[in-house]
Number of protein chains: 2
Amino acid sequence: MIVAASNRLHVNKHNVTSIDVARLADVSQSAVSRTFTPGASVSEQTRARVMEAATKLGYRPNAIARTLSTRLSRMIAVVVSNLQNQFYPVVIEQLSQRLQQDGYHVLLFITDVEEADELLGELLRYQVDGIVMASASLSSALAQQIAEARVPVVMFNRVSRAGSISTVSSDNHGGGRAVAHFLAGGGHQRIAYLAGAEDSSTNHDRESGLADGLAERGLRIAARGVGHYEFERAAHATLELFTQGSSADRPDALFVASDHMAFAAMDTLRGALGLRVPEDVSVIGFDNVQQAEWGAYQLTTVEQDVGAMIESTVGMLMRQLQNDAVTRDHAVIPARLVVRSSARVPT
Amino acid sequence: MIVAASNRLHVNKHNVTSIDVARLADVSQSAVSRTFTPGASVSEQTRARVMEAATKLGYRPNAIARTLSTRLSRMIAVVVSNLQNQFYPVVIEQLSQRLQQDGYHVLLFITDVEEADELLGELLRYQVDGIVMASASLSSALAQQIAEARVPVVMFNRVSRAGSISTVSSDNHGGGRAVAHFLAGGGHQRIAYLAGAEDSSTNHDRESGLADGLAERGLRIAARGVGHYEFERAAHATLELFTQGSSADRPDALFVASDHMAFAAMDTLRGALGLRVPEDVSVIGFDNVQQAEWGAYQLTTVEQDVGAMIESTVGMLMRQLQNDAVTRDHAVIPARLVVRSSARVPT
DNA sequence: CTGAAAGCGCTTACAG
DNA sequence: CTGAAAGCGCTTACAG
């Protein structure tokens, strides 16, 4: 008894428990628990007494203890890899706020592709109620593990090869196709593509959309570079694309797989290469991040509807949570071209 | 008993516990716990048997249960308000990775100033081991609550008025002063200041640094606008600053309290106002976010050393965690001027 | 080194 | 509506 007391004093982390409240309010501990459980049956009288005691003591229900007994943590793991790309901060911001609205909390994991596997184990130890993967594609081994653990997952802005997991993405193919028609309509002849990560579904779909759209106009992708969705590598790839071959071969338009890379491309075009945008070369990006509207870029780009994507993601998660079942939905959100002045406009 | 079993089947969330492992390995549950507790005493033999059983069953220790008995969650709450400002994504990214290295996890809260109070209660329920506040300044009421809860806090990039809480910030005053000397040295006569949020310590210190530096050169702040650290409001304030009064009164230099706002200012200067930077007006920002290096801006700015700030923050947190005590340190990280081409360079 | 047992702070049938 | 009690899955003195 004495040991316990001194121990308690030592640890001393605001140790007001439901038992303390119960004692002060002169009710059972169950009664305290019930007044803090929405929908539980307590009389107005005891609720009032409990609340009074609780505020007097500064009682704060321990969410960890609740999690242990209910098996519901009300935490969602959000896994992201690339905050350098301006698209993701807004995703995180909006997703967090949306989840907070519903009384969920975000356990954030920053990772690159390699670490994803070990991370997942770590994340499952925390009994998260669900997972949003906005980083790498899951390996099938990982997808398997998650399925066994029976925790709802949705992949954000990527489609899994495994196919066994819910996904939310924009209509990347449609977006690429719209770009093709816009550029073809603008009279461009030599249209180049600056790719993101080769193994990503977004890159694949945007490129095939472009290719398909151009084919419909009797054109094809004239040249191709790879920027891996990174700024520096995009700048480098742009330089290569526009210096190889004779100047007659030079592309007159460049579709870049992300805005983030498009800014690098424009800088390189205008700086190192001394070209004008869009007079000498048209540039089109993908995402429509806030910087696309900045005066110095005025980037024509395909907009991803982040709000709709998040709504869809959270909806899927909540449905799985409620049904206590893991399902496989695939949402494809329409993407539209936002026309600014970095690409020649069809007349 | 039957009820319990069917219940277990129903919930069914990868329910392998240390007891299951113990049974299979034919040891006590304590032995299982010990083999997963670094530093606990287990013989090599039993450890091996436990590990074999554990991998066979896919056992994953429940971190929530551990938290309940140790009172240590290994979760750190990170509170941020403004991810639109490009400075914060990199802070979150680096902070998360640094914390993950040390085996901590990030519980992310996005909030604006108003919600901060209710949020805090929520956050303390989750038994976080520490808090990094990178959003609003804490109200003194809040600071009080946290102190009572005995959870280590550090304010990141802001100094609390209360003074009772650890803080990490750049040398904002020194940065402002360096800007003053640089602009004075460049022969500017009418130096204006575009403020961030009026009640923030960063804004206050940057402005007083500018004022003090100018005073040392026999100058003073010639004009002043307020952008509240927001893009649109900064654009608007810039427009006002440069259209009021006669054109002879027009500022020839503008120090902006953050890069984020500086981009808006440059866009407005060059777009709506048709002025050249730096020929007609020099612009200097604060933060040195990645966009400051973009070709179209080439922003001269005061760099915040994010790496050092984070190292300091995590160090403070860990020290408090180890000493089981809440202390009050104040770290001020040196800030240096990064010279690019948005401001006339002293000769 | 090892096991039995108490305890962390809740929730929730169960019986009244 | 209410209370006593079992249980969630761990950690950790304690005694051997």
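Just so it is clear, the structure is predicted and the values come from calculations on it, not from any experiment. Labels below follow one simple rule: chain letters A, B, ... track the order of the sequence lines, proteins then strands, and each chain is numbered from 1.
- As a whole-Å value, the separation of Gln127(A) CD from dG9(D) C1' is 9 Å.
- If you check every strand for non-hydrogen atoms under 4.0 Å, Ser18(A) touches sugar and phosphate atoms only.
- Residues Asn15(A) and Arg71(B) have side chains that bring a donor and an acceptor to within less than 3.5 angstrom of each other.
- Between the C1' atom of dA6(C) and the CG atom of Leu68(B) lies a distance of 13 Å, rounded to the nearest Å.
- Phosphate contact (OP1/OP2 of dG9(D), side-chain N/O of Asn15(B), threshold under 4.0 Å): present.
- Of all nucleotides listed (dG3(D), dT2(D), dC10(C)), dC10(C) comes nearest to the side chain of Ala65(A).
- Contact check, Ser43(A) against dT2(D): a side-chain N or O comes under 4.0 Å of OP1 or OP2.
- Taking the P atoms as reference points, dA6(D) lies 22 Å from dT2(D), given to the whole Å.
- Considering only side-chain atoms of Arg66(A), the nucleotide from dG3(D), dG9(D), dT11(C) that sits closest is dT11(C).
- Summarising the geometry, the separation between CG on Asn62(B) and P on dC8(D) is reported as 12 Å, rounded to the nearest angstrom.
- Neither OP1 nor OP2 of dG9(D) sits under 4.0 Å from any side-chain N or O of Tyr126(A).
- Comparing dC8(C), dT11(D), dC10(C) against the side chain of Thr70(B) picks out dT11(D) as the nearest.
- Salt-bridge annotation for Arg74(A) and Asp102(A): absent, with no side-chain N of the basic residue lying under 4.0 Å from a carboxylate O of the acidic one.
- Atom CZ in Arg74(B) sits about 15 Å away from atom C1' in dT11(D), given to the nearest Å.
- Nucleic acid contact class of Thr46(A) (heavy atoms, under 4.0 Å, all strands): sugar-phosphate only.
- Rounded to an integer number of Å, the gap from Arg23(A) CZ to dG3(D) P is 15 Å.
- Residue Ser30(A) places its side chain closer to dA4(D) than to any other of dA4(C), dA4(D), dG9(D).
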Could you walk me through whether Ile110(B) and Leu83(B) pass side chain to side chain contact (heavy atoms under 4.5 Å, CB included), step by step?
CA-CA 9 Å; Ile110(B) 310 272; Leu83(B) 291 188; 3.8 Å; yes
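- Side chains of Glu122(B) and Gln100(A): a donor-acceptor N/O pair is absent below 3.5 angstrom, by distance only.
- Distance Phe36(A) CZ to dT11(C) P: 10 Å, rounded to the nearest Å.
- A distance of about 22 Å separates the P atoms of dT12(C) and dG16(C), rounded to the whole Å.
- For Asp20(B) and dG9(D), the CG to C1' distance is 11 Å, given to the nearest whole Å.
- The side chain of Arg71(A) sits closest to dC8(D) out of dC10(C), dC8(D), dG7(C).
- Between Leu124(B) atom CG and dG9(C) atom C1' there is a gap of 16 Å when expressed in whole angstrom units.
- For Ile64(A) and Gln29(B), each mapped to the nucleotide of DNA chain C holding its nearest heavy atom, the one lying further toward the 5' end belongs to Gln29(B).
- The partner of dA13(D) cannot be assigned: no Watson-Crick or G-U wobble pair with both contacts below 3.5 Å exists in any strand.
- Below the 3.5 angstrom threshold, one finds a donor paired with an acceptor across the side chain of Arg34(A) and the base of dG3(D).
- As the counterpart of dA4(C), no nucleotide is assigned, since no Watson-Crick or G-U wobble pattern has both distances under 3.5 Å.
- Salt-bridge annotation for Arg49(A) and Glu52(A): absent, with no side-chain N of the basic residue lying under 4.0 Å from a carboxylate O of the acidic one.
- Taking atom P in both dG9(C) and dA13(C), the straight-line distance is 23 Å, to the nearest Å.
- Under 4.0 angstrom from either OP1 or OP2 of dC1(C) there lies at least one side-chain N or O belonging to Ser41(B).
- Annotation for Thr35(B) and Met51(B): closest pair OG1-SD, 4.2 Å, computed over non-hydrogen atoms.
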